[in-house]
Amino acid sequence: MKSHSADGKHKREKENGFASPPRIKMETEDNGFHHSPKHEKSVKRQYDDGEAEFKPKKVKVEVEKKAKKRKHEDYYEDEEEEEDVKPKKKTKDKKQETAGGKKKVKKEPEEKWKWWEEERATDGSKWRFLEHKGPVFAPPYEPLPGHVRFYYDGKPFKLATAAEEVATFFAKMLDHEYTTKDVFRKNFFKDWKKEMTSEEKAKLTDLNKCDFNEMNEYFKAQSEARKQMTKDEKLKIKLENERILEEYGFCVMDNHRERIGNFRIEPPGLFRGRGNHPKMGMLKRRIRPQDVIINCSKDSKHPKPPHGSKWKDVRFDNKVTWLASWTENIQGSIKYIMLNPSSRIKGEKDWQKYETARRLKSCVERLRTQYREDWKSKEMRIRQRAVALYFIDKLALRAGNEKEDGETADTVGCCSLRVEHIKVYAELDGQEYVVEFDFLGKDSIRYYNKIPVEKRVFKNLQLFLENKQPEDDLFDRLNTSILNKHLQELMDGLTAKVFRTYNASITLQQQLKELTCADDNDPAKILSYNRANRAVALLCNHQRAPPKTFEKTMQNLQTKIDEKKKQLSSTKKEFKAAKADAKSLHDDKSRKAVETKKKAVQRIEEQLMKLEVQATDREENKQIALGTSKLNYLDPRISVAWCKKYNIPLEKVYNKTQREKFAWAIDMAEDDFEF
DNA sequence: TTTGTGACTTAGTATAGGGTAA
DNA sequence: TTACCCTATACTAAGTCACAAA
């Protein structure tokens with residue numbers, strides 16, 4: 001492929017050259033050149049450094065030069081490529097008109113922007129030009145029709161709009177287990193009261209006397225009606241959604257039209273934390289324009305707030321990647337509108353992440369030697385640090401920041417493990433020095449594991465546990481900040497989470513090597529791939545609730561398999577009979593019949609084996625989620641290389657979205673890529 | 001040194017919608 | 001053509017980590 005495929009050549013660079021940002025205001029230099037409405041067709045930029053070494057640290061001036069150089073080209077390519085998905089915009093500004101003037105040939109091979117072949121900014125700026133239309137707000141509340149009533153203590157009770165809206169949030173969730181939980185109900189009722197008029201407040205004093213059933217039925221009927229809509233009605237909605245996507249779903253960042261990840265503001269509703277969340281049921285309030293901060297370039301066409309409203313603020317900060325933000329009322333944290341994973345800004349970062357992990361690969365043995373040594377340290381803090389690091393490395397645990405208690409579910413990671421989360425056994429089931437982990441991690445997913453550890457680790461753990469209560473910290477002299485500072489000293493850019501990325505990717509690579517048989521057919525190879533992926537998901541503890549229809553699905557599959565088996569045996573019989581015929585008749589026709597039957601047997605055998613593979617795959621996947629590791633931990637170049645090596649269509653491994661996200665890897669990885 | 005904040009990545013689940021079997 | 005099933009996508013919560021402020 002590319003002579004300048006990046007693999008292995010960039011190891012030493014500071015990944016994407018974003019050194020820590022000297023605070024330079026840039027907007028003024030920016031000066032609008034990005035708008036340039038020229039429409040010379042994108043003659044793909046030729047690189048002076050065609051021989052490919054990606055020069056990591058160009059000085060800023062050079063970056064600018066390049067930017068200027070391509071300013072007329074790129075934006076319009078994107079216009080072309082979007083085209084088969086979206087209806088072309090008719091009106092709009094000058095650039096679009098000029099662009100629209102070009103003849104579009106639909107089936108023309110698309111030319112995608114290869115940002116990974118371009119220089120990256122080194123001054124800490126994330127973009128030079130940013131224009132967008134702002135977020136889409138949740139639709140206003142539509143009061144219930146008169147016949148849908150809320151009852152209190154068995155009698156209809158008319159709620160004012162504010163309280164009614166919040167009541168509908170609860171009504172919609174009635175079938176959910178959440179609404180039976182004490183904490184949820186308590187939080188809900190408290191927040192609901194805040195929305196009530198004084199009369200309502202006086203009257204409605206007991207949630208148990210509130211009857212939301214009629215409302216619940218109404219919403220169910222509505223969703224049923226939506227399903228029953230005619231094709232035409234559905235199409236109308238679809239087109240409207242496409243129109244909104246077209247208008248609000250994209251921005252222009254540095255000459256390129258890029259897809260926004262989440263352009264809709266989160267609608268109001270009841271907060272549903274995960275696990276045992278102390279704030280479940282609280283009211284997530286409606287976000288209005290005056291809550292929203294817009295970020296764009298000064299010289300762009302600023303987004304207009306909805307009629308009669310104002311933004312909270314409009315800023316021009318190109319040191320960040322977000323387009324809009326607001327503060328959410330449950331935890332007081334900030335929510336952002338950002339770009340899609342297929343965008344340059346996300347892709348660059350992703351690529352960088354894997355390059356950091358690959359750098360860890362080249363020094364991980366040194367670090368392991370070091371932490372082993374540290375197990376013997378005289379200092380408690382160093383021993384703790386070393387044991388924690390061992391867990392992070394060996395078990396791919398998360399760092400484990402401290403959390404404010406009472407504010408969130410009680411979950412932990414490595415540094416925040418408590419005494420109650422581990423048990424140590426000098427001997428267990430015939431193994432020496434076993435540690436048993438049992439704790440809730442991110443998203444309150446349980447981590448349970450029993451592993452034998454080295455004797456020194458074991459002795460250290462015993463020491464850490466001495467004289468402590470169950471609720472005490474296991475590593476009382478350690479936190480993520482201390483750990484990461486240490487890691488930073490060991491390798492530039494190293495943090496705890498790099499180990500997860502590294503171990504996940506290296507595991508995939510090893511497993512693929514181990515499991516793939518060149519002689520297998522495609523389905524078997526793909527099963528091997530999925531198994532390799534599964535090994536990683538297991539390592540990272542990526543779980544999912546078994547799909548509700550799991551049992552049924554498996555049953556259906558089994559039925560199919562049984563039928564296929566029957567079909568196979570009868571076809572085999574026919575094959576035998578045909579052979580017998582041919583033997584006695586010796587004519588062409590019967591010989592042909594033998595061939596036909598033979599092929600039929602083969603075909604059915606193949607189908608059967610496909611089904612069986614599918615069943616195995618599914619069964620093994622029951623409680624394991626592959627998506628998370630595939631999307632966030634596995635260097636996509638490993639998968640691309642594997643597909644190339646074994647001639648497996650990439651679509652078998654990555655769906656469309658994933659291929660878009662990993663376009664950089666697909667373009668640059670050859671079959672010999674080594675992580 | 002500790003605490004808080006902001007930006008960004010990672011996470012599981014709900015649901016829309018497209019394909020397929022009946 | 002409809003019902004069903006499954007996948008892709010949308011959604012948003014919950015982490016990590018750097019840096020600033022106290």
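Labels below follow one simple rule: chain letters A, B, ... track the order of the sequence lines, proteins then strands, and each chain is numbered from 1. Source: prediction; values computed, not measured.
Atom CD1 in I265(A) sits about 13 Å away from atom C1' in dT12(C), given to the nearest Å. In this structure, CD1 of I482(A) is placed 12 Å from P of dT3(B), rounded to the nearest angstrom. Rounded to an integer number of Å, the gap from I334(A) CD1 to dG4(B) C1' is 11 Å. Computed from coordinates, the W322(A) CH2 to dC8(B) P distance equals 9 Å when rounded to whole Å. R264(A) places its CZ atom 9 Å from the P atom of dA10(C), with the value rounded to the nearest Å. The CG atom of L626(A) sits 14 Å away from the C1' atom of dA11(B) (whole-angstrom rounding). Atom-to-atom, CD of E328(A) to P of dA13(C) comes out at 7 Å; the value is rounded to the nearest Å. Between the C1' atom of dC17(C) and the NZ atom of K349(A) lies a distance of 10 Å, rounded to the nearest Å.
Relative to the side chain of N632(A), the nucleotides dA7(B), dA18(C), dT10(B) differ in distance, and dT10(B) lies closest. The side chain of F271(A) lies closest to dA13(C), out of dC17(C), dA13(C), dG6(B). Closest contact between the side chain of N484(A) and the listed nucleotides dA7(B), dT12(C), dC17(C) involves dC17(C).
Ring geometry for F391(A) against F437(A) counts as perpendicular: the plane angle is over 60°, on a 0 to 90° scale with 30° as the lower cut.
Phosphate proximity of dC11(C) to N262(A): absent, as no side-chain N or O sits under 4.0 Å from OP1 or OP2. For Y633(A) and dA11(B), the shortest distance from a side-chain N or O to OP1 or OP2 is below 4.0 Å. At the phosphate of dC8(B), OP1 or OP2 sits under 4.0 Å from a side-chain N or O atom of K126(A). Contact annotation: T495(A) side-chain N/O to dC17(C) OP1/OP2 distance is under 4.0 Å. An OP1 or OP2 oxygen of dT10(B) is reached within less than 4.0 angstrom by a side-chain nitrogen or oxygen of K353(A). When the side-chain nitrogen and oxygen atoms of T321(A) are compared with OP1 and OP2 of dA7(B), none of them lie within a distance under 4.0 Å.
Pairs of residues two or more places apart, or lying in two chains, that qualify as salt bridge (Lys or Arg N to Asp or Glu O under 4.0 Å) and include a residue from residues 171-181 of chain A are D175(A)-K220(A).
Residue S333(A) is out of contact with every strand shown, counting any heavy-atom pair closer than 4.0 Å. Among the heavy atoms of the strands lying under 4.0 Å from K403(A) are primed sugar atoms or P, OP1, OP2 only; no base atom is included. Among the heavy atoms of the strands, none lies under 4.0 Å from P341(A). Contact annotation for T411(A): backbone-only contact, meaning every heavy-atom pair under 4.0 Å involves sugar-phosphate atoms and none involves a base. Counting non-hydrogen atoms under 4.0 angstrom, K284(A) reaches the backbone sugars and phosphates but no base. G413(A) comes within 4.0 angstrom of nothing in the nucleic acid, heavy atoms only.
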For this session: If a protein heavy atom is under 4.0 Å from the base, mark B; if only from the sugar-phosphate, S; if neither, -; do that for nucleotides 12-22 of chain B going 5' to 3'.
Result: BSS---S----
With the criterion being N/O to N/O and under 3.5 Å, what pairs connect the protein with nucleotides 5-7 of chain C, and how long is each?
| unit_1 | atom_1 | unit_2 | atom_2 | d |
| --- | --- | --- | --- | --- |
| dC5(C) | OP1 | K552(A) | NZ | 2.3 |
| dC5(C) | OP2 | K552(A) | NZ | 3.3 |
| dC6(C) | OP1 | T553(A) | OG1 | 3.3 |
| dC6(C) | OP2 | T553(A) | OG1 | 3.1 |
| dT7(C) | OP1 | R618(A) | NH2 | 3.2 |

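Relative to the six-membered ring of F250(A), R257(A) meets both conditions, a distance below 6.0 Å and an angle of at most 45° to the axis.
With hydrogens and angles left out, the side-chain atoms of Y371(A) and D393(A) include a donor and acceptor closer than 3.5 Å. Side-chain atoms of Q488(A) and N484(A) form no donor-acceptor pair, as typed in the model, at a separation below 3.5 Å. Counting only N and O atoms by type, the side chains of R500(A) and Y633(A) include a donor and acceptor under 3.5 Å apart. Under the 3.5 Å distance criterion, with hydrogens and angles disregarded, a donor-acceptor pair is assigned to the side chains of Q384(A) and D476(A).
Residue S481(A) is the one, among K346(A) and S481(A), whose nearest nucleotide of DNA chain B lies closer to the 5' end (criterion: closest heavy atom). Taking the nucleotide of DNA chain B with the nearest heavy atom to each of Y336(A) and E402(A), the more 5' of the two is matched to E402(A). Heavy-atom nearest nucleotides on DNA chain C were determined for Q658(A) and for T408(A), and the one closer to the 5' end corresponds to Q658(A). Summary of the strand contacts: K485(A) and P267(A) both lie near DNA chain C, and taking for each the nucleotide with the nearest heavy atom, the more 5' one is attributed to P267(A).
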For this session: Would you please test H421(A) and Y447(A) for ring pair (Phe, Tyr, Trp, His ring centres under 6.0 Å) and show each step?
Result: CA-CA 10 Å; H421(A) 296 131; Y447(A) 182 94; over 10 Å; no
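Evaluated for a side-chain hydrogen bond (donor to acceptor under 3.5 Å, both in side chains) with D350(A), the options K346(A), K353(A), Q352(A) yield exactly one hit, K353(A).
For the pair T230(A) and E233(A), the tightest heavy-atom approach, listed with the atom from each and the gap, is N-OE1, 2.8 Å.
Residue-environment remark: NZ (K403(A)) exceeds the threshold of 12 foreign heavy atoms within 6.0 Å.
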